[in-house]
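Everything below concerns the one structure shown next.
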Amino acid sequence: MDGTWLSAARRERELADVTAGRSVDVVVVGGGVVGAGAALDAASRGLSVVLLERGDLACGTSGASSKLVHGGLRYLAAGDVELAWESARERQILMDRVAPHLVRTLPFVTPYGPGFASPHGALATFGTHLADGLRRAARSPGRRLPAPRRIGPGRTRYLTPALRSGGLDGAVLHWDGQLVDDARLVVALARTAAGHGARILTRCTVDCVSGGCVTAHDTRTGEGFEVRARVVVNATGVWAGHLDPTVRLRPSKGAHVVLRADTLGVPHAGLNVAVPGERNRYVIVLPEPDGTVYVGLTDDPVDGPVPDGCTVADTDVDFLLGVLATALDRPVDRTAVVGGYAGMRPLVDTGSRPGGTTADLSRRHVVTDDGDGLVTVVGGKLTTYRRMAADAVDRAVRRYGLAAGRGHSASVPLVGAAPPDDLATLSAPRRLIRRYGTEAPLVAALADRDPGLLRPVAEGVPVLGVELLFGALAEGALDPDDLLARRTRCALVAGWEDAARPTADAVLFRATAHPTAR
């Protein structure tokens, strides 16, 4: 066990230390991708850091994304070159240095012809070539992200077999980045931050922030505590207004449905399907390595108080399958849906278009400071989390005179990070290499005493037993839902979750007696 391992026992020790009355430089509130990124950024500068999350890591928006690390093609189409450039640059940092083990190259198909929204593909071709210019400027190598090109109908149908052949003249093919899993990115960030000395405390709800005093309680025991900090970074996303009432957001719900890959003929590429009657909005089909396909996403305003959770509604399913049907030979009905997930985007309300839709709102981020030690970061998107976190910590350092080194999170590799060529030499199951990078042999070794842990946890479920055990021993999972919903994503498919739950229960009990548990 090393300093990056998060466990229930470590949480107990560090919570006791935090509640002993010692002050820290930075308290980060929020255990999503931006909060974990801010904890890593601050800790890697030599600051003392505590991260408080009321639930589990990635239990909100950061675990409900499309799992894309994209180069900003949509933002180019909207005319926001600066935001597209930021996306392209951050994509390169993730794919090259920070998390190359968690990001794979995914081809995307945008069909054109008289039977599709784009009759001759000119606009899609123009946009993808502009995006490729940003890719080259960001120095992303063509061997990982090839230049876009047009392909004929035969190649198009090979990549996306369920695509309608009638009226199909061809497609524009381009490449982008896809995370093996967004929750895995958050867990890797939190563990890397822990390796730099940050204390990562989940199940700790912040009740109040006032003048650097953070009042919170441990939801597992109900006991309250206080932490003194020179700066508090509010990275709670759509819930940011709970700590800073001056924040103005227009939350937007994004929902995805999950299909089995064979429902769409086992596609080899992502598919962009234009939403009829709307400009620059698509439903995307995302093939996953585990034999499923994600279809998303909606973009609907969340009115009224922000709820604690977000679910897929019948109207979401109808919308997604309805748009998808416009591009298929045979429509997909509701019986083919095996799961789904939804999250809320923390979009900044600029007040410029009160009648506009949330799809029209910018995905830029904003950092604010109340002048009394509370720095809030909102907006943005998963691809640019690192920039958001760095901007927030930069503001904290400058405004409150923290004795910190220069930020260098762009060159800090996450646990397990290595180039694809290095990963190819590892001796471990491919699934583990894809999800844990250089740690895959270590995860596989957990089965040395029980070879059965290298088998799937249930029939038809791709998750291996060692993944559940590693989640409890090293990744901060405290209950079965942590293991099933975020460490392995079994919960995205209802049948998988039900089948794997008995094993998850048994693994958590087993983890407490494991030699590395403490």
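Any value given below was found using the heavy atoms of this structure, including those in side chains, with hydrogens, waters and symmetry copies removed.
When each of E288, R434, R104, R431 is tested with V180 by the rule side-chain contact (heavy atoms from CB on, under 4.5 Å), just one qualifies, namely R434.
D482 has a carboxylate O that lies under 4.0 Å from a charged side-chain N of R203, or vice versa, which qualifies the two as a salt bridge. Residues R395 and D391 are not paired through a salt bridge, judged by the lack of any N-O separation under 4.0 Å between the basic side chain and the carboxylate. For the pair R11 and D218, the salt-bridge criterion is met [side-chain N within less than 4.0 Å of a carboxylate O]. Between R144 and D96 there is no salt bridge, since no side-chain nitrogen of the basic residue lies less than 4.0 Å from a carboxylate oxygen of the acidic one. Taking the charged nitrogens against the carboxylate oxygens, D25 and R45 have no contact shorter than 4.0 Å, which rules out a salt bridge. A salt bridge does not link D370 with R399: none of the charged nitrogens is closer than 4.0 Å to a carboxylate oxygen. A salt bridge does not link E86 to R387: none of the charged nitrogens lies less than 4.0 Å from a carboxylate oxygen. One finds no salt bridge joining R487 and D181 here, because no Lys/Arg side-chain nitrogen approaches an Asp/Glu carboxylate oxygen to under 4.0 Å. A salt bridge links D17 to R199: one of the charged nitrogens lies within less than 4.0 Å of a carboxylate oxygen. Comment: D481 engages R501 in a salt bridge, judged by a side-chain N to carboxylate O separation of less than 4.0 angstrom. A salt bridge links E475 to R184: at least one charged side-chain nitrogen sits closer than 4.0 Å to a carboxylate oxygen.
Side-chain N or O atoms of K253 include none that pairs as donor or acceptor with a backbone N or O of V312 at under 3.5 Å.
One side chain, R345 or S252, offers a donor N or O that lies under 3.5 Å from an acceptor on the other. In the model, H256 has a side-chain atom that pairs as donor or acceptor with a side-chain atom of S66 under 3.5 Å.
Distance check: C310 SG to D316 CG gives 8.0 Å after rounding to the nearest 0.5 Å. How far CD of Q178 is from CZ of F108: 6.5 Å, rounded to the nearest 0.5 Å.
Within a 6.0 Å radius of CZ in R97, more than 12 heavy atoms belonging to other residues, nucleotides or ligands are found.
The aromatic rings of W5 and F470 sit perpendicular, their planes meeting at an angle over 60°, well past the 30° parallel limit.
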Apply salt bridge (charged side-chain N to carboxylate O under 4.0 Å, His left out) to D308 and R54, showing your working. CA-CA 11 Å; D308 287 339; R54 65 176 179 173; 3.5 Å; yes

